[in-house]
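Accompanying notes for the structure given below.
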There are 2 protein chains.
Amino acid sequence: MAVTIKDVARESGVNVSTVSRALNGEYGVHADTREHVVAVAQRLKYRPNRVARGLVTGRSHTLALVVSDIRNLFFAEVARGAEDAAYRAGYDLVLCNSDLDPEKQMRYGQSLMEKRVDGILMNSVAVLSKKQQEQLSGLGVPIVLLNRTAPRGVFSTVCADNETGGALAAEYLLKLGHRKIAHLTGPRHHGNMTERAKGFVARLAAARRPVRPVLLHGKNNFQGGVELAQKLMAQHPDVTAVFAASDMMAFGTIRALMEAGRRIPEDVSVMGFDNVELASIVHPPLTTIHQPKYEIGQAAVEILLRLVGRGEHQGPEHRMFAVELVERQSCMERKA
Amino acid sequence: MAVTIKDVARESGVNVSTVSRALNGEYGVHADTREHVVAVAQRLKYRPNRVARGLVTGRSHTLALVVSDIRNLFFAEVARGAEDAAYRAGYDLVLCNSDLDPEKQMRYGQSLMEKRVDGILMNSVAVLSKKQQEQLSGLGVPIVLLNRTAPRGVFSTVCADNETGGALAAEYLLKLGHRKIAHLTGPRHHGNMTERAKGFVARLAAARRPVRPVLLHGKNNFQGGVELAQKLMAQHPDVTAVFAASDMMAFGTIRALMEAGRRIPEDVSVMGFDNVELASIVHPPLTTIHQPKYEIGQAAVEILLRLVGRGEHQGPEHRMFAVELVERQSCMERKA
DNA sequence: ACAAATTCCGGAAACGTTTGCAGCGAGGCT
DNA sequence: AGCCTCGCTGCAAACGTTTCCGGAATTTGT
């Protein structure tokens, strides 16, 4: 059906190997013949079959991105950064949604392996058992994770400086004079969020007059924010500031607080984390910690590309991005 | 390196062809030998090389999704629906961001072709020239579009009933008593949005006392909404209701209106289209037209799968989803 | 009990590339 | 003038599967 390298070879009167070399710009083929072959290939609209090439070279020129849910704005940004970088390098990016389901995650790992992807970009392996993690790393394909992981040394990692992000939030709230503070965070095994919490409570504890925040765990999405905020109001009605571990959770807490008649920021200050586009859109505009999502995705595939470059994966690479506080209107000084 | 079918064959004392048949569950292999082969394969942790298989079968078990930008919430939803459906069928989904750039779009088409994807899910070909469109359809791979397209018959399509969506919006605003109405829409060649506009103005014109809305074209995102709203206030300060062609644009117009001191919905009613999750989150909660984004993505790959099923692509399929008005708090009756 | 049909399995071609190796001619060096 | 080198090209193997075809073994039918 399609025109193959053989057709080009026949049509231009040379051997397929010559065609291959000419088209791939290798040394050892005369300029004239190369020109001729290229011309014929163009005339025939020859398109190399990358599957066949992949079979012999062992490289598929494909990367995979497995996230919990692409509808999460954070991952959408990361995905865009990753895809752009992959595109520039001539790689494709296959998208996988794991919902953080261990079984799904492993099945994706297997399937991607069978398809011989050259590298995998994964948001977390925290939900996997030790054995499953080893199984993954034993797949022989470089993997970069989107959070710092416990067993450093096996996987590469790219992430924001979550810990100082948490510290920044604490500092800011402290500066505003808040003393009754809560932190609404995600599931317990969520690496990035635990780091945010860690930095947050550490900084609060290190204050001249230390404060111990209320800590609540829940789902990392809008609904989770709503639920946690309701719980918070029931259990600790006196908090004046809450730091949510993600913008989506912050949106949820704002919603719940408002519905309960609290004003933001007059009655309670709310902070988020991520700085998604919507953070500047909602009302009130959300004060939050910015992390460079697009750049994270980009950096991740760059690392991946380097890793696949040097055959057997050398030592993993790690990269951490700085975060910064972006001050908007969801926080204010504690009223005296 | 990896264990191949030959290893399994040698280890289990049968021919590779038998292994292949046994593992693929074909007829013509004794139950005992199949069992044995399967056991050996499992013991050796054999994973078939899908690249090799793809080379001979001509099927890569891969679909592609090319959207303008995955960060667009609409596409993120569609992508999730598509990926879920693909996953269920054992297919992979490669993600491409075109920015609606014709060149990028064509390059993706070529590249995906070379990789022998089995089908392509594309949001629009409107920016492509006639010739480019033919080139795409001549690629020999089924393509389904996310909007109704002019030259019906070549591509399959899946979309919401944008036209009656527009009509619903008109009807609603009319019912609320509005007479000075504006419609903020996207770029002129945006298929779905022109349909929305069409339904909208048609319904307004069909009213007992027909009204002709102000029509403004701009970018389909938050910033576009801001700009259009500003322009609108300058040119037609007397409008009492605006229908934005997407939720993101609606968010932008709300922002611009509020900053100009207008109250929503007391001074001006605002409607959107899409019903993204955020629509219920922002303040005020946005009245909008719901379209089933997830289901659209899902349906699109289902069609694709059917199309690749029957080898040479038969006639294209078309599917349209119903929309519905979801009433929240961004609209109210025109004050007498 | 013999022909025919059926079941099971092995051999080998094929898919479309890349790539190591060898051959061949021409040109440079001594 | 002979030899070596070097640039260019063809040949063929290899990548890991699937699948067509034919043969052997077994079952069925009469």
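Residue numbering restarts at 1 for every chain, and letters A, B, ... go by the order of the sequence lines.
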For the residue pair B:Y87 and A:N97, confirm or rule out a side-chain donor-acceptor distance under 3.5 Å. no
Contact string for nucleotides 17-27 of chain D, one letter per nucleotide 5' to 3', B = base within protein heavy-atom range under 4.0 Å, S = sugar-phosphate only, - = neither, reads BBBB-------
Could you check how far CG of B:D32 sits from P of C:dT7, rounded to whole Å? 16 Å
Could you check whether A:V51 gets within reach of a base, just the sugar-phosphate, or nothing at all, counting any heavy atom under 4.0 Å? nothing
Determine, step by step, whether A:H61 and B:K115 satisfy the side-chain contact (heavy atoms from CB on, under 4.5 Å) criterion, reporting the C-alpha distance in whole Å, the side-chain angles of both residues, the deciding distance to 0.1 Å, and the verdict. CA-CA 9 Å; A:H61 271 239; B:K115 199 159 266 171; 4.2 Å; yes
I'd like to know if the side chain of A:E77 and the backbone of A:I296 have a donor-acceptor N/O pair within less than 3.5 Å. no
How close or far is atom C1' of C:dG16 from atom CG of A:D7, stated in whole angstroms? 11 Å
Tell me the interatomic distance from A:L23, atom CG, to C:dT19, atom P, rounded to whole angstroms. 14 Å
Given atom CE of A:M113 and atom P of D:dG16, what is their separation to the nearest angstrom? 12 Å
Donor-acceptor pair, side chain of B:D118 and main chain of B:S60, under 3.5 angstrom: yes
Taking A:S156 for its side chain and A:V144 for its backbone only, find out whether a donor-acceptor pair lies under 3.5 Å. no
Here the distance between atom C1' of D:dA14 and atom CG of B:L55, to the nearest Å, is 12 Å
Please determine if A:D99 and B:R80 form a salt bridge, counting it only when a charged side-chain N lies under 4.0 Å from a carboxylate O. yes
